[in-house]
Amino acid sequence: MSDPQFGIDTFGDVTVTDAGERTPGHQVIRDVVAEAVLADQVGIDAIGLGEHHRDDYAISSPDMVLAAIAGQTSRIRLGTAVTVLSSDDPVRVYERFATLDAVSSGRAEITLGRGSFTESFPLFGYDLDQYETLFNEKLDLFAKLLDEKPVHWQGTHRAPLHGANVYPQTAAGRIPAWIGVGGSPESVIRSVRYGIPMMLAIIGGDPARFVPYVDLYHRASDELHVDRMPLGAHSPGHIAATDELAREQLFPHFTANRDRIGAERGWPPTTRADFESEAESGSLYVGSPETVARRIAATVQTLGLDRFDLKYSNGPMPHGQLAESIELYGTKVVPMVKDILAS
């Protein structure tokens, strides 16, 4: 395996202050910029910002925030987690990220997905009945745009393109892209068919349960005669000085986040036992640097990952605790993981 890369992700979760008061969205966005600058300073490879259109997440325009980060950083890759392609225009998405790539001197990347929420569909005038068609057609168009050649395309949701060029073009000739995959065989095959690497969203349960999808990913590459592509995964977590402190810091915020979403989706309330189970053997990487490093290394080895992204924001945890987690991840966890993998 080539040396894996290690990134972080955030949805711009609306935080609370140390006094427990809700942080205004505009301050959350400034805090995210500061967190990204810190990540750059401590050697983290990439940051991804999620796109949402609801009051519990502050980031609705990731590319704008990433452009602000670009001006204050020098090496960290700047991407999304994810861009909701279904309710956006692929041409405008490509133009925005090609522009981000220019202002960041070639550090832009993008993760494409359907999104885990549907607020953007009515907001931008799309019918949820077209959920599948919109994503499939827009991904088809975006895949053609990646080649930065004249595009010939026709679908049902917009006017056709006949030899259209999209500007600006990138210095490298292509923006690195991923497709976010939650765990369906169809999504795995789609990633291979378009030649866009897969980023697994592993948010619960034993990561080893995704081994069949990884096997399918590689088998499909061979059968479709596509060169083997990188493989990434994204999972939640939090790091503090000790296992006990990390769990105590995270639990109330993790629970608030899960239960808020669960109330909308019919999930049962999150129990402490649920939390501890995920922390011990599931997809929640919470604990001391040593504990988190050991568990990330095991997942990287089990799945053969080229990239692991830690979703460091999980509910309304205060900015100070998030910053400490980022610093420990970059200065302690990532070097430990690399040592384990090299041994």
Side-chain angles (χ1 to χ4, degrees), residues 2-7 9 45-51 62-67 69-70 73-86 88-114 135-155 158 161-181 187-200 217-218 220-222 224-234 305-307 309:
S2 60
D3 292 339
Q5 292 192 321
F6 297 92
D9 292 336
D45 292 312
I47 184 167
L49 307 184
E51 173 194 345
D63 46 296
M64 289 290 290
V65 184
L66 291 167
I69 293 168
T73 57
S74 61
R75 49 166 303 281
I76 194 167
R77 294 204 60 79
L78 307 170
T80 54
V82 301
T83 292
V84 185
L85 190 63
S86 305
D88 211 329
D89 179 80
V91 173
R92 290 296 288 142
V93 171
Y94 198 85
E95 289 176 338
R96 297 198 305 265
F97 279 84
T99 302
L100 173 64
D101 197 66
V103 300
S104 66
S105 299
R107 290 185 283 138
E109 61 179 31
I110 186 169
T111 301
L112 307 164
R114 305 165 188 266
F135 184 71
N136 291 337
E137 288 195 358
K138 292 188 177 191
L139 180 60
D140 186 65
L141 174 53
F142 194 88
K144 295 180 185 300
L145 294 166
L146 282 172
D147 292 331
E148 296 191 351
K149 297 177 180 178
V151 172
H152 300 272
W153 180 90
Q154 185 167 349
R158 57 162 292 161
L161 296 176
H162 303 291
N165 287 292
V166 176
Y167 302 102
Q169 296 188 336
T170 61
R174 185 180 178 93
I175 294 175
W178 302 82
I179 294 180
V181 174
S187 296
V188 176
I189 298 296
R190 182 187 294 115
S191 168
V192 175
R193 183 159 55 87
Y194 283 112
I196 301 176
M198 176 171 70
M199 178 67 72
L200 291 167
Y217 183 60
H218 295 314
S221 295
D222 293 339
L224 295 174
H225 306 291
V226 174
D227 291 341
R228 289 285 181 101
M229 298 185 295
L231 173 65
H234 140 119
L305 299 178
D306 301 285
R307 168 89 164 259
D309 287 355

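As the structure is a computational prediction, the values presented were derived from the model and not from experiment.
Side chain of K138 to backbone of S86: a donor-acceptor contact under 3.5 angstrom is found. Side-chain atoms of H152 come within 3.5 Å of backbone N or O of G163 as a donor-acceptor pair. Listed for the D306 side chain is a donor-acceptor partner under 3.5 Å among the backbone atoms of L231.
Contact of the E148 side chain with the N165 side chain is not registered, since no non-hydrogen atoms from C-beta on lie closer than 4.5 Å. Proximity of I196 to L139: side-chain heavy atoms (C-beta onward) are separated by under 4.5 Å at one or more points. Counting heavy atoms from C-beta outward, L161 and L141 have side chains that approach closer than 4.5 Å.
Atom CD1 in I69 sits 12.0 Å away from atom CE in M64 (nearest 0.5 Å). Atom CZ of F97 sits about 4.0 Å away from atom CD1 of I110, to the nearest 0.5 Å. With rounding to the nearest 0.5 Å, the separation of CZ in F142 from CH2 in W153 is 14.0 Å. If you take OH on Y217 and CZ on R228, they are separated by 9.5 Å, rounding to the nearest 0.5 Å. Here the straight-line distance linking atom CD1 of I179 with atom CG of L200 works out to 12.0 Å at 0.5 Å rounding. Separating the CZ atom in R96 from the CG atom in D63 is a distance of 4.5 Å, to the nearest 0.5 Å.
Smallest separation of non-hydrogen atoms from A233 and L305: CB-CD1, 3.7 Å. The shortest heavy-atom contact between I189 and A220 is CD1-CB, 3.7 Å. In terms of heavy-atom proximity, L145 sits nearest to P90 at CD1-O, 3.5 Å.
Partners of R307 by side chain to side chain donor-acceptor pair (under 3.5 Å), not counting sequence neighbours, listed by chain and number: E109, D309.
Counted by atom type alone, E51 and T80 present zero donor-acceptor pairs between their side chains at under 3.5 Å.
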Pair F135-R190, side-chain contact (heavy atoms from CB on, under 4.5 Å): steps then yes or no: CA-CA 11 Å; F135 184 71; R190 182 187 294 115; 4.0 Å; yes
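When the options D89, D140, D88 are evaluated for a salt bridge (Lys or Arg N to Asp or Glu O under 4.0 Å) with R158, the one that passes is D89.
Within the structure, no pair that satisfies the salt bridge (charged side-chain N to carboxylate O under 4.0 Å, His left out) test touches residues 161-172, not counting sequence neighbours. Listed by first and then second residue, the side-chain hydrogen bond (donor to acceptor under 3.5 Å, both in side chains) pairs involving residues 97-108 are T73-R107 (not counting sequence neighbours).
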